[in-house]
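In what follows, a single structure is set out as structure tokens and then discussed.
Whatever order the structure lists them in is the order used to number ligands and atoms, beginning at 1.
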Amino acid sequence: MRKKLTLFQSIILILALGIVFTAGLLFARASILSQAESNVVFLTNAYTTGFNGDLTVLSVREDNVRETVIAKDGTVLWDSKESASEMENHAGREEVIAALNDSPKTVIRSSATMGVEQLYYAEKKTIDGTVYVIRVSYMTSGLTQFLTGYLPWMIVVTIVALACSITASVLLSSRALEPLKKIERNLSDVAVGRVPSPIKNEDKDIQAIADNINEVSSSLVETMSQLKEESSTLQLVLDSGTDAIVAINKDGDIVFSNKKFNSFFPSGNKYLPEEIKKTFVEKPERITLNDTPYLVRVSENDKLSLLVLTDITSQVNGEQERQEFFDASSHELKTPLTAIKGFNELIGLKSEDPLIKTYSAKVEKETDWMLSVLTDMLRISKLESEEADPNLPLLNLAMVADEIFKELQPLADSRSVTLKSEGEMEEPISHTDAYSLIKNLVENGILYNIKGGYVKVKMEENTLSVEDDGQGIPEKDQARIFERFYRVDKSRSRENGGTGLGLSIVKHISLKYKAKVFLTSRLGYGSTFTIVFPIHNPSEEKKSS
Ligand code: ADP
């Protein structure tokens, strides 16, 4: 900035001095010429007056004035510097013509004979009928003298003036730029979070601006230190948790990561590892990193995506233990329960006592219920450890629904519920699983319906839904009804012979086939359970079968 300003000022100064210098030279030349002109006119007058036609009295002189006497026809009759006979005819000379025309004038030109710039003036004089032209030429050596005498001084003066002006300009511009420099220092202090020393200036206007900058700077520094403090508190909080947290911007660059996340990738956290990048896009429910299972949560806004990984090792271990316990106890209970059922049937058959017959019937109902609970428990346990066979052929689900309708028609009739079906679809699913899935949903639709209601199975592309216009499910229970043994109304479920495991079986079959389950329900209006199967590629299936 300062350099530019100085350069600009120097150029202006040089131009100004150049103009003054040239104008001075032109002026000097003009005044010297005018002086010379009056000299030459004066001398010509003097010579003309003194001339009497006698050429012999004229004398040759050594100075810068030259007289020439010229005849009317231009013949040089006499010259004070040269031999007249050797000189050319002067009839065409401008000053000679002017003199003969009685309108003498000064003429300036380079002398053909002398080769220097000369001033000429001529006057006509008639003596005894003979016309003479008396011409005086005057060497303008004054100008050359002036130039050789004064030019070096002028140059020296110009250089000194220029040097003084440039020095003054540098001093002035650095003084003018001082407040800007102070502002720059102040702002660089702010940028690194240092409290800047306030800007002070003698100029009132500049001080007013400086006061504003001082105020803004100190509040900026304060805000920055507050932000720093908040950010380090936040970092401490997030570092002390057990979750691994990382936030990325829209370009995929890490903008934040906590200690736990960094510990996965000790090479530094500048670049996001591929497996984590994938997690942001695919959003799986769980991932395994370094043999540890993590629950995945991804949240996004228009600038950032946040990934939180929660270590679920103990949960997974607990799940596994519970599952093993669930499985073992079901097996352990099923054998004695089957025996109890058998003996109870015998007691009922053998006894004639009506009271014993009544008790035996009650025991049978309870053992039947317990056995169906155990069967459902074992079914869930099996489903949890099963994976779908990738080579299963496509199954017509509309046909499966027909079979189920036939089986459940008596139950539907007893409750005055109509069974309807609409559309068709095919899925690569085993008959047992499809049957169990649709039956559980249709059976619930009948059992939790009202008199005159309907249950409709709809199939379209890869979506199967079971809709009823029954009692509906309260909103607070909707998220939990897929949990084992969760029932909205326990007594009604028992009355219906429900185990509380039907929807859990539905969930596990869906999980096995990577299908998604959705529920929409409104209390008093009915419920719709929707199962969306993954889109299967028929050409792929043909290849594998
Ligand atoms: P249950 O053996 O009790 O029927 P489920 O797991 O099949 O067990 O269902 C869990 C609970 O969800 C039921 O007890 C019932 O309260 C509620 N429920 C299931 N299906 C329906 C439905 N179609 N309409 C109303 N409530 C339902």
Side-chain angles (χ1 to χ4, degrees), residues 322-323 326 330 333 365-384 401 404-405 407-422 432-459 463-512 515-532:
R322 247 197 334 272
Q323 196 180 319
F326 192 73
S330 318
L333 289 172
K365 198 182 162 211
E366 292 301 320
T367 42
D368 277 350
W369 184 78
M370 281 173 84
L371 275 170
S372 47
V373 171
L374 284 178
T375 312
D376 281 354
M377 281 169 76
L378 285 167
R379 175 106 182 85
I380 292 175
S381 180
K382 209 164 158 241
L383 278 168
E384 275 177 334
I404 293 163
F405 278 11
E407 191 192 327
L408 295 179
Q409 196 58 58
L411 178 69
D413 289 343
S414 70
R415 308 254 173 163
S416 308
V417 172
T418 318
L419 300 180
K420 307 180 201 176
S421 105
E422 193 181 290
T432 320
D433 288 339
Y435 197 91
S436 182
L437 179 95
I438 303 171
K439 189 185 164 195
N440 270 307
L441 293 174
V442 175
E443 202 169 20
N444 279 349
I446 299 169
L447 293 173
Y448 301 102
N449 216 312
I450 43 171
K451 224 174 166 191
Y454 72 83
V455 178
K456 191 201 248 176
V457 178
K458 277 207 284 193
M459 295 179 196
T463 305
L464 178 143
S465 61
V466 179
E467 174 191 309
D468 68 65
D469 60 347
Q471 60 191 59
I473 301 160
E475 213 174 309
K476 65 173 177 48
D477 299 302
Q478 289 181 13
R480 301 200 59 194
I481 55 164
F482 292 94
E483 289 174 15
R484 287 168 208 181
F485 300 115
Y486 190 84
R487 280 164 274 195
V488 177
D489 180 348
K490 277 201 172 72
S491 56
R492 174 144 190 190
S493 170
R494 273 300 293 274
E495 241 172 66
N496 286 336
T499 59
L501 293 169
L503 287 181
S504 190
I505 292 176
V506 168
K507 182 182 90 179
H508 279 94
I509 294 174
S510 304
L511 275 176
K512 181 176 163 184
K516 291 211 161 23
V517 187
F518 302 96
L519 162 67
T520 49
S521 184
R522 228 180 120 198
L523 202 61
Y525 287 88
S527 317
T528 303
F529 290 83
T530 308
I531 317 286
V532 183

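- In terms of protein heavy-atom proximity, atom 14 (O) of ligand 1 is nearest to R487 CG, 3.1 Å.
- Although no hydrogens or angles enter the test, the distance criterion places a donor-acceptor pair under 3.5 Å between the side chain of S510 and the main chain of V506.
- Regarding atom 12 (O) of ligand 1, its nearest protein heavy-atom neighbour is I481 CG2, 3.6 Å.
- Residues D489 and Y448 have side chains that never bring a donor and an acceptor to within less than 3.5 angstrom of each other.
- Backbone and side-chain nitrogen or oxygen atoms of I473 are examined, and none is located within less than 3.5 angstrom of a nitrogen or oxygen of ligand 1.
- The closest protein non-hydrogen atom to atom 13 (C) of ligand 1 is Y448 OH, 3.5 Å.
- From R415, atom CZ reaches atom CG of N496 across 5.0 Å, with rounding to the nearest 0.5 Å.
- Contacts of L503 with ligand 1, taken as heavy-atom pairs under 4.0 Å, involve both backbone and side chain.
- For the residues N449, D468, D477, V488, the heavy atom positioned nearest atom 17 (C) of ligand 1 is part of V488.
- A cation-pi arrangement is present between K420 and Y454 under the rule of less than 6.0 angstrom and at most 45 degrees off the ring axis.
- No N or O atom of Q471 sits closer than 3.5 Å to an N or O atom of ligand 1.
- For the pair G502 and ligand 1, the shortest N or O to N or O distance falls below 3.5 Å.
- By the criterion of a heavy-atom distance under 4.0 Å, neither the backbone nor the side chain of L447 is placed next to ligand 1.
- Contact annotation for Y486 and ligand 1: only backbone heavy atoms (N, CA, C, O) come within less than 4.0 Å of the ligand.
- S527 and S521 share a side-chain donor-acceptor pair at under 3.5 Å.
- For ligand 1, the polar-atom distance check against S504 finds no nitrogen or oxygen pair separated by under 3.5 Å.
- Polar contact check, T499 against ligand 1: a nitrogen or oxygen pair lies under 3.5 Å apart.
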